[in-house]
Amino acid sequence: MPSHNADIAAVFEEIANLLEIEGANPFRIRAYRNAVQAIGALSTEAYVLLENKEDLTELPGIGRDLAGKIEEIIATGHCALLDRLQTELPPAVTELLKVPGLGPKRVRHLYHDLDVQTVEQLYGAAREGRIRALSGFGEKTELNILQAIEAHTDQKGRFKLAVAAQYAEPLRAFLADVPGVKEAIVAGSYRRMRETVGDLDIVVTAASGSPVMERFTGYEEVAEILAAGSTRASVVLKCGLQVDLRVVADESYGAALHYFTGSKAHNVAVRYIAQKKGLKVNEYGVFRGKNRIAGETEESVYRAAGLSFIPPELRENRGEIDVARTRKLPRLVELCDLRGDLHTHTKATDGHNTLREMALAGKSHGLEYIAVTDHSRGLRVTRGLDPLRLKRQCDEIDALNEELEGITLLKGIEVDILEDGTLDLPDHVLAQLDLVVGAVHSKFELPRARQTERILRAMEHPHFTVLAHPNGRLIPQRPPYDIDMPRIIREAGRRGCFLELNAQPERLDLFDIYCQMAKEEGVLVSINSDAHSTFDFANLRFGIGQARRGWLEKQDVLNTRSLEELRILIARTMQRPNTCGPYKRQTKPQIRSGKNVR
DNA sequence: GCCGTTTTCGGCCCGACTGTTTTCAGTCG
């Protein structure tokens, strides 16, 4: 089995870590880290590119040397450089880099002088007071290491976006209320709508002398103050979430917001471009010499660099800068573009509300139609529907549609895709429905080839409409199942069916890079709440965030269509007659134009 | 180790805070 892109990226990541501890040229280390990012963003397996005789040096940040190493890893499963580095340094030593406060220099010191190789050994050395004796270390550093390890072991890691929001919004409001504060905004990965966030970055503009720092460190949710200067402070909340606050003057608002929204790779690329124009970009503004020429708004920062405004969700240095140069960035889909929701549940299975309650809640969220897609009989824990109960539900929907105004219920099912790729209900039953949403709910551990074939076979079913939560991951407890997603996307394009972007905060599935791929293949994506209660429609905003990260525009999203248009598209997919002509496939958008900017 | 409308060599983003130091190295974002 050839190495997958994730395996290659892991090798390069490990090489970068070990080189760093060895004290190698920092730019060489950065080259490996850039390669990790480049390979992670690839829409095709590198071994497939090689089979197709593609030139890997065309990839951003991949030159002759790294291309050779990729070939080596694919051919042999090994990388000689990594093997050599691991004879010089024990592999576990890179784990020490994860301890906050420890960087490569200190890790090297600890290994060479105290033979510390693992976090356990580090903890022991700190408790025995052996670290303070090293030059460059002291009592305080030793204590910080102890505390960091203790905090690390019971730390929950990254927070789901929706959970982070529960802490971020009240804290932002609290800071906005401090006298002298003009703007307060949560930046960082939260603003970029990443599916999980490691910490919160908050930018505040305030008049000098404002008590904002004092109020921040005194916030009642603060458990620990990590650092507190005059313009920047870091705390850990009781829930374990770290929050970094930055205070700047009004005229630096845009520059600071840009800086703290990131991503780091995006910022580096923007500063590099500015530098070529003789400019310097920092969190205070854009400068030519000592003159500030921009910085009061983010738009002004981009303008100074010769770029159009780049929405936060795109700022990952995945080609957005090249496109911003040409002023052809996509007009990203917005929450208000959604006209329907094609995946919801009711009390009939594992939902909490009635048909009527769900319909009214959907309407109150501005939706014009919602598909009722309760589970099928195979999913016994949810009391999934058999043909008889489904028929009864359909009758209820018909009756309700007669009565309701401003919202239409569609008759659907979330049918189980069985292990062999068949669907959990008979064809003649599925044929009666408005749409069929198919999903995998069992046998997550099938090998890649079988899992992929299972889904492809299901998609071939004439009544199959939408593939729900295609990767099956649950943040943080379940990784995605092992499938050939690029192939599934291509086949969905050929077959003419749709892919779901499930907006539940623990799913957010399709992932962003697959949204991009779906767009390239002309496959429409349906952003669905998978609501199990009336409250869950609010999750659609997280789905929109993920879709925007995947460069999706209104026309790339199935449920931005009117009900009439939707019915036409579904009719085509379900291979039923319709009188409104074929759906015209889009031309492929070119969203990855050439190399990324370094 | 990568890259090139100034370049195939010599660049490669920028600043705050802490702790250990007596002016700065290390880490972080």
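Proteins come first, then strands; the chains are lettered A, B, ... in the order of their sequence lines, and each starts at number 1.
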Just the table, please: protein N/O against nucleotides 20-24 of chain B N/O, every pair under 3.5 Å.
residue, atom, partner, partner atom, Å
B:dT20, OP1, A:Gly138, N, 2.8
B:dT20, OP1, A:Gly138, O, 3.2
B:dT20, OP1, A:Glu139, N, 3.3
B:dT20, OP1, A:Lys140, N, 3.3
B:dT20, OP1, A:Thr141, N, 3.2
B:dT20, OP1, A:Thr141, OG1, 3.1

Notebook entry, point to check: Among the nucleotides B:dC17, B:dG19, B:dC12, which one has an atom lying closest to any side-chain atom of A:Thr231?
Noted result: B:dC17
Check: Could A:Glu320 and A:Arg315 be called an ion pair, given the rule that one side-chain N must be under 4.0 Å from one carboxylate O?
Finding: no
Check: Will you find, in the side chains of A:His4 and A:Glu45, an N or O donor that is under 3.5 Å from an N or O acceptor?
Finding: yes
Taking only N/O atoms, report every protein-nucleotides 27-29 of chain B pair under 3.5 Å with atom names and distance.
residue, atom, partner, partner atom, Å
B:dT27, OP1, A:Gly103, N, 2.7
B:dT27, OP1, A:Gly103, O, 3.1
B:dT27, OP1, A:Arg106, N, 2.9
B:dT27, OP2, A:Lys105, N, 3.3
B:dT27, O5', A:Gly103, N, 3.4
B:dC28, OP1, A:Gly101, N, 2.4
B:dG29, O3', A:Asp201, OD1, 3.3
B:dG29, N2, A:Tyr259, OH, 2.0
B:dG29, N3, A:Tyr259, OH, 3.3

Checklist line | Pair A:Arg108 + A:Glu22, salt bridge at N-O below 4.0 Å | finding: no
Notebook entry, point to check: Say you pick atom P in B:dT21 and the same atom in B:dT27; how far apart are they, in whole Å?
Noted result: 14 Å
Margin query: Nearest whole Å is fine: how far is B:dC3 C1' from A:Gln275 CD?
Written below: 14 Å
Next item on the list: Output yes when at least one side-chain N/O atom of A:Asn267 is less than 4.0 Å from OP1 or OP2 of B:dC14, else no.
Entry: no
Item checked: Minimum-distance nucleotide (side-chain atoms of A:Tyr272 versus B:dC14, B:dT18, B:dC12) -> B:dC12
Margin query: Tell me the closest heavy-atom pair linking A:Ala187 and A:Phe260, and the distance in Å.
Written below: CB-O, 3.4 Å
Next item on the list: Scan A:Ala274 against the nucleic acid and name what it touches under 4.0 Å (heavy atoms): base, sugar-phosphate only, or nothing.
Entry: nothing
Next item on the list: Check A:Gln516, A:Glu313, A:Glu195, A:Glu316 against A:Arg549 for a side chain to side chain donor-acceptor pair (under 3.5 Å) and give me the one that passes.
Entry: A:Glu316
Notebook entry, point to check: For residues A:Asp244 and A:Gln242, is any side-chain donor paired with an opposing acceptor at under 3.5 Å?
Noted result: yes
Margin query: With the 90 degree cut-off around zero defining syn, does B:dT7 come out syn or anti?
Written below: syn
Checklist line | P-based separation of B:dC28 from B:dT20 [nearest Å] | finding: 15 Å
Checklist line | Minimum-distance pair of heavy atoms, taken over all atoms of A:Val247 and A:Ala206 | finding: CG1-CB, 4.0 Å
